Amino acid sequence: MSGNRSRRGDTTTPPVDDPAFDPSGDRPASQVLTGGGRSAARKSRQNRRRRTLKVISISAAAALVLVGGFAFYEYQKLNGNITADSLYNGTKKSNLAEKPDAFGRTPINLLVIGSDTRSSAADCKIGGDCGDGGAGANADVEMVVHLSADRSNATVMSIPRDLMTNLPACTDSKTGTSFAGGYAQINSSLQYGPGCTVAAVQQLTGIPIDHFAMVDFGGVVNMSDAVGGVNVCVNNNVYDPYSHLKLAKGEHTLKGLAALEFLRTRHGFGDGSDLGRTYAQHIFLTQMINKLKSAGTLTDPTALLSIANAATKALTVDNGLDSIPKLLGLADDLNKVKTDRITFTTMQNAADGNRVVIAPGAQTLFNAIANDQSLTTASGGSTGAGTATSSASAAAPAAASVPASQIVVHVENGSTQNGARVSGRATTVQGALVNQGYSSNSTIADAPSSAATTTLSYPTADAVAAKEVATSLGLPASALKAGHGSQITLVIGADWTSGSTFPGGKASPAAVDTKVALNGTHDQTGNQTNSCAPVSTQYTVVVNGIGMNPTQAYAASKGVPDSAP
């Protein structure tokens, strides 16, 4: 045989192009065909499969660890973004409490606070006045967001920042700054911490506040960017040189600074006051809610993570919302409400110089929220036609026979204890009636003589109204006396020496006249996405030393770029 050919038993390595060479097993092909060779080949293939499966398993495990680690990192990061404070920090805890419905479910009331805090040079630039060095924050926005016990409807009520009212005593635990309480502008309560603003809103409205969420200028900018901008409409050209908002008539997508300018302008819309700003804010929120609920926004993990990151960085919340699971729980509850069952309102107010005060109807609106009465029908329409609905039975509207706000009650104190008149009884009960929505013209007096039992007398024509009063106070049927006197008169007897509800009685809140509750509130539902913000026609701004309306200011400021295309 030639010396250059392989022989059986020859240990010389054959050339790689030798057809008899099996590279997979490093043996001649003739050996692969024998019985021992086949067994070795099977073992080789099994070993290769095991090596491949091992590599895949290790890779999959590594991927899971990486994904899990990333998820944990993101979770920890979002949790770490959250800033929390006590709900009642700086003031005493309220005795107000939510009322459960027939199934034991309770509503949720969230106070949303927009702070004008300017804690950085960037904030000062976009917020304007920074003369106080960023101290002394005021609340540019105060909205009570009410979520019904059955999660079928919601009400968002704005409180004008210029409202003058009695504020509670507060002390900011962080700065030591204190306020003894008294008559002042409601937005100033934030100077003593968000807990003080919570207390002020509860004192004003009688609505128990369960949580608060506060956002500052920079937070608004970041959140509007995170949602990809919000579409809004203005019904005319508008330029407000104070907030720097400048938009042409029509629709625009507002992001970042433009969104903040829109939300902050008070000279561009309505009558040029803070009220015009609240209406524009409702339009903005309506559009944003519809965008978030639209297909894809809340199911896109990347978009959702961006929104969550911006939101948690932007918010200061109470301790009841200080974690991602708690915030997600609230968000899930809010997401259950259809947009046509969300009512946006502004509490009724009246002008008082360059400030505003509470106006008739506001207490009725407060009572509707406190008593968990929906301001929309089951079909999504406004209840402003005068019917009242309960969120526990939204499909069955119940009309109030006589609006509580039109019922005047004369309350007399005839109660005695140990032979002496019990002081303050008429004031307590009359105050409770007014808080339930009965006429503020209701009067008090001492009864001519002491009374052993409580009676509610009324002229025959007022029988329906008197029965509503009795139901609201928990009075038994035996207390009603028909055909007596010229007005509804409640005489408090010795059988009722304390409290605002008759002992042992089952009181029910007066049915809210929602026509009164919504009168003058510029209400709209959350599915009204075709509303345009009404540009002011009054001389609310000054350009080059000349007073003019925002549309004239737009024409006179051609060199100023628009806020958005």
Side-chain angles (χ1 to χ4, degrees), residues 112-116 127-129 137-144 156-167 183-191 197 200-201 204-205 217 220 232-247 254 259-286 344-362 365-366 518-524 531-543 546-554 563:
V112 176
I113 304 170
S115 168
D116 69 354
D129 182 16
N138 291 305
D140 267 358
V141 178
E142 292 176 3
M143 291 182 181
V144 176
V156 180
M157 180 188 70
S158 291
I159 299 173
R161 70 187 293 275
D162 294 337
L163 180 76
M164 299 299 294
T165 186
N166 288 312
L167 301 180
Y183 194 68
Q185 194 168 314
I186 195 167
N187 74 326
S188 66
S189 61
L190 190 58
Q191 295 178 16
T197 301
V201 170
L204 169 71
T205 65
F217 287 172
V220 172
V232 300
C233 171
V234 291
N235 72 347
N236 211 336
N237 295 339
V238 57
Y239 176 46
D240 175 4
Y242 307 109
S243 70
H244 309 297
L245 177 72
K246 189 182 183 188
L247 295 173
L254 302 184
L260 179 65
E261 291 170 353
F262 184 88
L263 290 169
R264 291 197 67 240
T265 183
R266 58 180 299 163
H267 299 89
F269 302 126
D271 60 1
S273 72
D274 185 59
L275 301 180
R277 172 159 59 185
T278 63
Y279 311 152
Q281 288 168 354
H282 294 167
I283 290 172
F284 185 93
L285 288 173
T286 295
F344 290 93
T345 72
T346 299
M347 64 158 280
Q348 294 91 333
N349 56 86
D352 181 30
N354 60 353
R355 298 291 183 267
V356 297
V357 293
I358 190 170
L365 176 58
F366 300 160
L518 291 175
N519 184 41
T521 66
H522 292 263
D523 63 291
Q524 69 175 66
S531 300
C532 288
V535 176
S536 179
T537 58
Q538 302 178 33
Y539 283 14
T540 59
V541 299
V542 175
V543 176
I546 302 173
M548 57 185 70
N549 65 46
T551 301
Q552 293 170 331
Y554 184 94
S563 300

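One-based numbering along the sequence shown. Quantities reported herein were computed from a predicted structural model and do not represent experimental measurements.
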Would you please say whether a donor-acceptor pair under 3.5 Å links the side chains of T286 and Q524? yes

In chain order, what residues pass the side-chain hydrogen bond (donor to acceptor under 3.5 Å, both in side chains) check against E142, with sequence neighbours excluded? none

State, yes or no, whether a side-chain contact exists between T540 and P550 at a heavy-atom distance under 4.5 Å. yes

Which atom pair, heavy atoms only, marks the closest approach of M143 to V156? SD-CG1, 3.9 Å

Side-chain contact test, heavy atoms from C-beta onward, threshold under 4.5 Å: evaluate it for N138 versus Q185 and give yes or no. no

L263 versus V141: any side-chain heavy-atom pair under 4.5 Å? no

Kindly indicate, with the supporting measurements, whether the criterion side-chain contact (heavy atoms from CB on, under 4.5 Å) is fulfilled by L518 and T345. CA-CA 7 Å; L518 291 175; T345 72; 3.5 Å; yes

Any chance the side chains of Y279 and H522 put a donor and an acceptor closer than 3.5 Å? yes

Measuring from atom OG of S531 to atom CZ of F284, what distance do you get when rounded to the nearest 0.5 angstrom? 15.0 Å

Least distance between heavy atoms, P241 atom then V542 atom: CG-O, 3.9 Å

Inter-residue atom distance N349.CG - S273.OG, 0.5 Å rounding: 8.0 Å

Which pair of heavy atoms, one from A139 and one from I113, lies closest together, and at what distance? CB-CG2, 4.0 Å

Side-chain donor or acceptor of S536 paired with backbone N/O of G270 under 3.5 Å: yes

Show the nearest heavy-atom pair for residues V238 and Y554, with the distance to one decimal. O-CD1, 3.5 Å

Mind checking the CZ-CG spacing from F344 to D523? Nearest 0.5 Å is all I need. 11.5 Å

Are any of the side-chain heavy atoms of V535 and N237 separated by less than 4.5 Å? no

For the pair N187 and D274, evaluate side-chain contact (heavy atoms from CB on, under 4.5 Å) and give the outcome as yes or no after the intermediate values. CA-CA 12 Å; N187 74 326; D274 185 59; over 6 Å; no

Show your reasoning for whether side-chain contact (heavy atoms from CB on, under 4.5 Å) applies to V234 and F269. CA-CA 9 Å; V234 291; F269 302 126; 3.9 Å; yes

Is there a side-chain contact between I186 and L167 (heavy atoms, below 4.5 Å)? yes

Taking side-chain contact (heavy atoms from CB on, under 4.5 Å) as the criterion, tell me which of L163, T278, V356 meets it with M347. L163

When you measure from the side chain of R277 to the backbone of R264, do you find a donor-acceptor pair of N or O atoms at a distance under 3.5 Å? yes

Rounding to 0.5 Å, atoms CG (L247) and CG (L254) come to a distance of 6.0 Å

Donor-acceptor pair, side chain of T265 and main chain of F262, under 3.5 angstrom: no

Kindly determine whether E261 and D240 satisfy side-chain contact (heavy atoms from CB on, under 4.5 Å), including the steps that lead there. CA-CA 9 Å; E261 291 170 353; D240 175 4; over 6 Å; no

If you round to the nearest 0.5 Å, how far is CG of L190 from CZ of R161? 11.0 Å

Heavy-atom check, side chain of Q552 versus side chain of Y539, under 4.5 Å: yes

How many angstroms lie between CG in D271 and CZ in R266, if you round to the nearest 0.5 Å? 9.5 Å

Is there side-chain contact between I159 and V144, with heavy atoms separated by less than 4.5 Å? yes

Indicate yes or no: at least one non-hydrogen side-chain atom of M157 is less than 4.5 angstrom from one of F366. yes

